[in-house]
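To start, the structure itself, in structure tokens.
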Amino acid sequence: MDDHQTRMLSGLTGLGGLGQGDPNDPDPVRKQQDIGDILQQIMAITDESLDEAQARKHALNCHRMKPALFSVLCEIKEKTVLSIRGVQEEDPPDPQIMRLDNMLLAEGVSGPEKGGGSAAAAAAAAAGGSPNDGSVEHSDYRAKLAQIRQIYHSELEKYEQACSEFTNHVMNLLREQSRTRPISPKEIERMVAIIHRKFSSIQMQLKQSTCEAVMILRSRFLDARRKRRNFNKQATEVLNEYFYSHLSNPYPSEEAKEELAKKCGITVSQVSNWFGNKRIRYKKNIGKFQEEANLYAVKTAVDAANASAQASQANSPATPNSGGYPAPCYTPDGRL
DNA sequence: ACGTATGATTTAGT
DNA sequence: ACTAAATCATACGT
């Protein structure tokens with residue numbers, strides 16, 4: 001390596017005369033030609049030196065003094081290697097990269113090939129707790145996730161390839177050099193480890209940006225607010241029925257919530273949300289809900305009447321009196 | 001296109 | 001843990 005460089009330098013110094021000749025040359029055409037000449041010479045020199053280097057290397061390897069030189073280098077190394085020994089840094093698994101890996105695995109980006117769907121669904125359930133259909137909504141999401149996944153993997157492969165290529169190159173270089181200077185396998189190992197560390201730090205950037213992309217995608221597609229669907233009419237009816245028949249205390253117990261959820265085909269937390277929204281909105285503007293309240297009050301009354309008078313025929317309940325029904329409110333008595 | 005309705009989330013208090 | 005209240009972001013009716 002060193003002899004190569006020195007020869008390069010010495011070769012270039014030979015150019016000195018050409019480079020600085022005729023500083024005041026008025027002819028630009030000739031100048032250009034000079035530059036062309038110089039370039040050509042430089043190219044020739046590099047070629048020449050490479051060949052020459054090869055020859056020199058060979059000569060050095062076959063030199064009769066080479067074994068002596070080698071042993072001298074070994075001795076020198078033995079004296080200095082102790083100081084290097086101390087600088088052996090263990091590489092503990094980087095917590096940062098562990099975190100990213102875990103997340104990518106959880107999101108189904110780096111996991112098994114077709115597990116993406118279920119993983120995404122699980123993530124969705126964990127995020128919002130809304131298992132409402134979603135197969136249509138998630139198809140778009142899954143497509144995008146697959147896209148990210150593909151990019152991630154191809155990039156990862158590229159990195160891996162570059163890494164192994166570079167590692168191979170360095171290893172070959174070191175092995176070749178080990179003919180002229182002492183290099184222990186352990187040192188090569190160490191070098192490889194260093195290279196891998198460098199590359200893994202690059203990989204981390206890839207992982208980080210992938211994670212970011214997934215997060216954005218998730219917030220864009222899986223955030224339940226963005227995919228809000230109104231409950232179906234029947235579910236709303238069931239909920240309203242309960243609400244208006246428990247107006248004095250519209251706080252369903254856990255069991256009641258569970259039952260309502262079952263009846264409506266929604267989750268318990270959705271029932272909770274509904275009641276939370278309903279309570280605050282009802283309270284905020286009772287007048288606006290009067291009509292609805294009357295409707296459900298009558299409905300439940302009719303139902304009750306029907307239930308009790310099921311045996312007795314010819315029971316036709318009067319149509320709702322939409323006029324003078326008292327404004328519903330939180331009364332101590334739940335029944336209206 | 002726009003205003004209202006509505007389900008979900010966030011914040012803060014208990 | 002549960003709720004009220006405010007807020008968000010979409011759905012829906014006009």
Side-chain angles (χ1 to χ4, degrees), chain A residues 99 102-103 106-108 117-145 147-148 211-300 320 322 325 327-336:
Chain A
R99 214 168 50 82
N102 283 340
M103 192 187 146
E107 295 295 334
S118 65
S130 59
N132 56 337
D133 108 330
S135 54
V136 181
E137 275 82 7
H138 288 171
S139 71
D140 208 3
Y141 170 80
R142 240 181 283 168
K144 295 260 192 213
L145 189 68
Q147 206 179 324
I148 288 175
C211 273
E212 244 168 71
V214 170
M215 288 309 274
I216 290 166
L217 184 70
R218 201 156 111 170
S219 72
R220 211 138 133 38
F221 281 83
L222 261 40
D223 186 345
R225 280 187 296 190
R226 295 175 190 272
K227 283 290 160 197
R228 185 176 68 74
R229 287 274 109 108
N230 290 357
F231 298 151
N232 61 42
K233 207 143 192 178
Q234 193 208 328
T236 313
E237 240 166 71
V238 170
L239 293 167
N240 271 320
E241 235 166 76
Y242 188 99
F243 180 78
Y244 285 111
S245 63
H246 297 75
L247 246 191
S248 67
N249 187 33
Y251 297 87
S253 65
E254 186 60 29
E255 299 133 37
K257 280 183 193 172
E258 270 166 34
E259 195 173 326
L260 285 167
K262 206 167 167 190
K263 259 201 254 184
C264 299
I266 59 179
T267 66
V268 172
S269 59
Q270 280 179 303
V271 173
S272 295
N273 286 340
W274 190 91
F275 273 89
N277 283 322
K278 191 74 183 179
R279 281 190 300 261
I280 190 69
R281 282 164 186 165
Y282 178 82
K283 199 177 90 172
K284 238 175 174 172
N285 191 351
I286 293 176
K288 202 167 75 180
F289 288 91
Q290 255 191 49
E291 209 177 324
E292 191 179 70
N294 292 341
L295 202 129
Y296 281 101
V298 167
K299 205 163 142 68
T300 55
S322 54
Y325 206 87
C329 59
Y330 291 106
T331 58
D333 179 15
R335 298 235 157 241
L336 282 172

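Keep in mind that this is a model prediction, so the values were computed, not measured. We use all heavy atoms of the structure for the numbers below, so side chains are in, but hydrogens, waters and symmetry mates are not. Throughout, protein chains are lettered first and strands after them, A, B, ... in sequence-line order, and every chain is numbered starting at 1.
In the helix from B:dA1-C:dT14 to B:dT14-C:dA1, the rotation axis of the first five pairs and that of the last five pairs differ in direction by 10°, rounded to 10 degrees.
At least one donor-acceptor pair under 3.5 Å links the side chain of A:Gln270 to the backbone N or O of A:Thr267.
Across the protein-nucleic acid pair, A:Phe289 atom CZ and B:dT4 atom P stand 14 Å apart, rounded to whole Å. Rounded to whole Å, atom P of C:dT10 lies 17 Å from atom CZ of A:Phe231. Atoms CZ (A:Arg281) and P (B:dA8) sit 11 Å apart, rounded to a whole Å. Atoms CG (A:Asn277) and P (B:dT10) sit 14 Å apart, rounded to a whole Å. C:dA6 atom P lies 18 Å from atom NZ of A:Lys278, rounded to whole Å. When the C1' atom of C:dT3 is taken as reference, atom OH of A:Tyr251 falls 7 Å away, rounded to whole Å. Across the protein-nucleic acid pair, A:Ile280 atom CD1 and B:dT11 atom C1' stand 13 Å apart, rounded to whole Å. Look at CZ on A:Phe243: it is 13 Å from P on C:dT3, rounded to the nearest Å.
When ring centroids are compared, A:Tyr244 and A:Phe289 stay outside the 6.0 Å threshold.
For A:Gln234, the CD atom is loosely surrounded, since the number of other residues' heavy atoms within 6.0 Å does not exceed 12. Applying the 6.0 Å contact sphere to CD of A:Glu259 captures no more than 12 heavy atoms from other residues, nucleotides or ligands.
Side-chain nitrogen and oxygen atoms of A:Arg229 include none within less than 4.0 Å of the OP1 or OP2 phosphate oxygen of C:dT10. For C:dA6, one of the phosphate oxygens OP1 or OP2 lies less than 4.0 angstrom from a side-chain nitrogen or oxygen of A:Lys284. In this model, the phosphate group of B:dA8 is approached by a side-chain N or O of A:Gln270 to a distance below 4.0 Å at OP1 or OP2. Considering only side-chain N and O atoms, A:Asn230 lies nowhere under 4.0 angstrom from the phosphate OP1 or OP2 of B:dT6. For the OP1/OP2 pair of C:dA5 and a distance below 4.0 Å, the side-chain nitrogens and oxygens of A:Lys283 include at least one atom meeting the criterion. The phosphate of B:dA5 has neither OP1 nor OP2 within less than 4.0 Å of any side-chain N or O from A:Tyr282. At least one side-chain nitrogen or oxygen of A:Lys257 sits closer than 4.0 Å to the OP1 or OP2 atom of C:dT3.
Screening A:Thr236, A:Val238, A:Val271 for a side chain to side chain contact (heavy atoms under 4.5 Å, CB included) involving A:Cys264 leaves a single residue, A:Val238.
Neither side chain, A:Tyr282 nor A:Glu292, offers a donor N or O lying under 3.5 Å from an acceptor on the other. A:Lys299 and A:Asn240 share no side-chain donor-acceptor pair at under 3.5 Å.
For A:Asn273 and A:Glu292, each mapped to the nucleotide of DNA chain B holding its nearest heavy atom, the one lying further toward the 5' end belongs to A:Glu292. Mapping A:Lys288 and A:Val271 onto DNA chain B via the closest heavy atom, the residue that lands nearer the 5' end is A:Lys288.
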